[in-house]
Number of protein chains: 2
Amino acid sequence: MKIGELARESGLAPSRIRFYEREGLIGSIDRGLNGYRQYSRETRQVLEIIVMAQQAGFSLDEIRNLLPPHGKGDWSKDKLVAALKKKVIELAALQRRLSETQAGLEAVIARIEATPPGGDCFENAEAVLADLRDQSKPVDEIGQFVPAKTVA
Amino acid sequence: MKIGELARESGLAPSRIRFYEREGLIGSIDRGLNGYRQYSRETRQVLEIIVMAQQAGFSLDEIRNLLPPHGKGDWSKDKLVAALKKKVIELAALQRRLSETQAGLEAVIARIEATPPGGDCFENAEAVLADLRDQSKPVDEIGQFVPAKTVA
DNA sequence: CTTGAAATTAAAGTTTACTTTAAGGTTAGG
DNA sequence: CCTAACCTTAAAGTAAACTTTAATTTCAAG
C-alpha cells in the first residue's frame with residue numbers, strides 16, 4: 001500500500017502521514033526498490049489511534065509516549081498481549097478525559113438553560129460554577145481553573 | 001479589580017487576559033485615571049467559560065462567536081446552548097467508538113490468552129488484527145475516519 | 001516514447017494561541 | 001524620596017501541528 005492509498009483510506013493528507021513519520025509516531029516503514037513507502041494495514045490502525053487521541057486532547061508528544069514502541073516484527077504472544085493491554089489502558093485514559101469534558105459541558109448547558117429569560121447572564125453563575133467545581137475538578141485548591149493538565 | 005488580581009484569581013497570566021481583550025473575547029473594560037484596567041467580577045466568569053470551552057475543543061474564534069456581544073447585554077443563549085449540545089453529541093459519538101474499540105481489544109486479549117501455548121505467533125497476530133478491523137467501526141460511509149469537524 | 005499522476009526530499013510557510021521583550025509610566029512601603 | 005512591584009503599549013518571539021513549495025524521480029497509460 002503506497003502513501004496515496006493510505007491517505008485516501010485514512011482521510012489524512014500524505015504530508016501529514018510523512019510528518020508523523022518524521023516525528024516518530026509511525027515506526028520506520030518498508031520502502032520499495034523505487035524508494036516509495038510501503039505501508040501495512042496496521043499503519044491505518046495506528047493513524048486512527050493518533051487521530052482519536054488528538055480529538056481527546058492529547059498532544060502528539062503525549063501520543064508518541066502512549067503508543068507502543070514500534071520495534072519491528074518480533075511479535076511474541078506475550079508482547080502482543082502486553083501491547084494490546086497497554087492500548088486498553090490508553091483507551092481508558094481517553095474515555096476518562098472525554099467524560100470529564102462532557103460532564104463539564106453538560107453542567108454549563110444546564111446552567112444556561114436554567115437562566116430565566118429576561119435575567120442577567122451572570123446572576124446565578126456563581127452557584128452553578130460552584131457545582132461544576134464540586135462535581136469534576138476543573139479547579140485546584142486555590143480556586144483557580146486549571147489549564148487542562150495533560151495526562152500522560 | 002486590577003489585572004494582577006484577576007490573574008491571580010483566574011490562574012491566567014495577565015498577558016493572556018490582555019490577549020483575549022485584543023482578540024475581542026472580553027469586551028471593552030473600564031480604565032482608571034491612570035490607564036489601568038478595572039475589571040468587574042463578571043470578567044472572571046467570562047474567563048472561566050472561555051477556558052471551559054477551550055477544554056471542550058472550541059477554538060478562540062468559535063468561542064468569540066458563542067460569547068455574548070459585549071456591546072450591550074442579552075446573550076442569546078439559544079445559540080450557545082445549541083452549539084454546546086452539538087458538541088456533547090459529538091463527544092458521545094466519540095466515546096461510543098472508543099468503547100467499541102476497547103471492548104474489541106479486550107475480547108481479542110481474552111482470546112489470545114486462552115490459546116494453547118503451541119500456537120504460531122504470526123498466525124495469531126494476523127487473526128488479531130483482522131478482529132480489530134472487523135470489530136471496531138471506526139470509519140464513516142466512505143471509509144475514512146472523520147477529522148473532528150470543529151463546530152461553530 | 002511521451003505525458004501526467006504520484007512519489008521523493010529539504011526547507012520554508014501558516015495558523016493558533018499565547019509569551020516575552022523593550023521601553024516606559026504609576027503606586028505603595030520604608 | 002527611593003525603590004520595588006505593578007501597570008501600560010507595540011512588536012517580536014515561540015511551540016505545536018501541519019501544509020506548501022521546489023526541485024527531482026518514477027510509474028502507468030496511450
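Below, read A as the first sequence line, B as the second, and so on, with proteins coming before strands; counting in each chain starts at 1.
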Nearest-Å distance, [atom1] ([X]) to [atom2] ([N])?
| X | N | atom1 | atom2 | result |
| --- | --- | --- | --- | --- |
| B:Ile3 | D:dC6 | CD1 | P | 13 Å |
| B:Leu47 | C:dC18 | CG | P | 11 Å |
| B:Leu6 | D:dT8 | CG | C1' | 16 Å |
| B:Ile29 | D:dT8 | CD1 | P | 8 Å |

Counting distance only, does the side-chain N/O of A:Arg64 pair as donor-acceptor with the main-chain N or O of A:Glu23 below 3.5 Å? yes
Quick check against the 3.5 Å criterion: does A:Glu9 have a side-chain atom that pairs as donor or acceptor with the backbone of A:Leu6? no
Taking five pairs at each end of the helix from C:dC1-D:dG30 to C:dG30-D:dC1, what angle separates the two helix axes (nearest 10°)? 0°
Spell out protein contact along nucleotides 23-30 of chain C as letters: B when the base is contacted, S when just the sugar-phosphate is, - when no protein heavy atom is under 4.0 Å; keep the 5' to 3' order. --BBS---
Go along nucleotides 9-17 of chain C 5' to 3' and tag each nucleotide: B for a protein heavy atom under 4.0 Å from its base, S when only backbone or sugar atoms are that close, - otherwise. B-------S
When rounded to the nearest 0.5 angstrom, what is the spacing between [atom1] in [X] and [atom2] in [Y]?
| X | Y | atom1 | atom2 | answer |
| --- | --- | --- | --- | --- |
| A:Met1 | A:Gln38 | CE | CD | 10.0 Å |
| B:Leu12 | B:Ile50 | CG | CD1 | 8.5 Å |
| A:Leu25 | A:Leu60 | CG | CG | 5.5 Å |
| A:Gln45 | A:Ser10 | CD | OG | 11.5 Å |

Co-membership, hydrophobic cluster, residues B:Leu47 and B:Tyr36, 4.5 Å side-chain: no
With sequence neighbours left out, the residues meeting side chain to side chain contact (heavy atoms under 4.5 Å, CB included) with B:Glu21 are B:Ile29, B:Arg31, B:Arg37, B:Tyr39
How would you list, by chain and number, every residue that makes a side chain to side chain contact (heavy atoms under 4.5 Å, CB included) with B:Ser40, sequence neighbours excluded? B:Glu42, B:Thr43
Taking side chain to side chain donor-acceptor pair (under 3.5 Å) as the test, write out the residues that go with B:Tyr20, two or more places apart. B:Arg16, B:Gln54
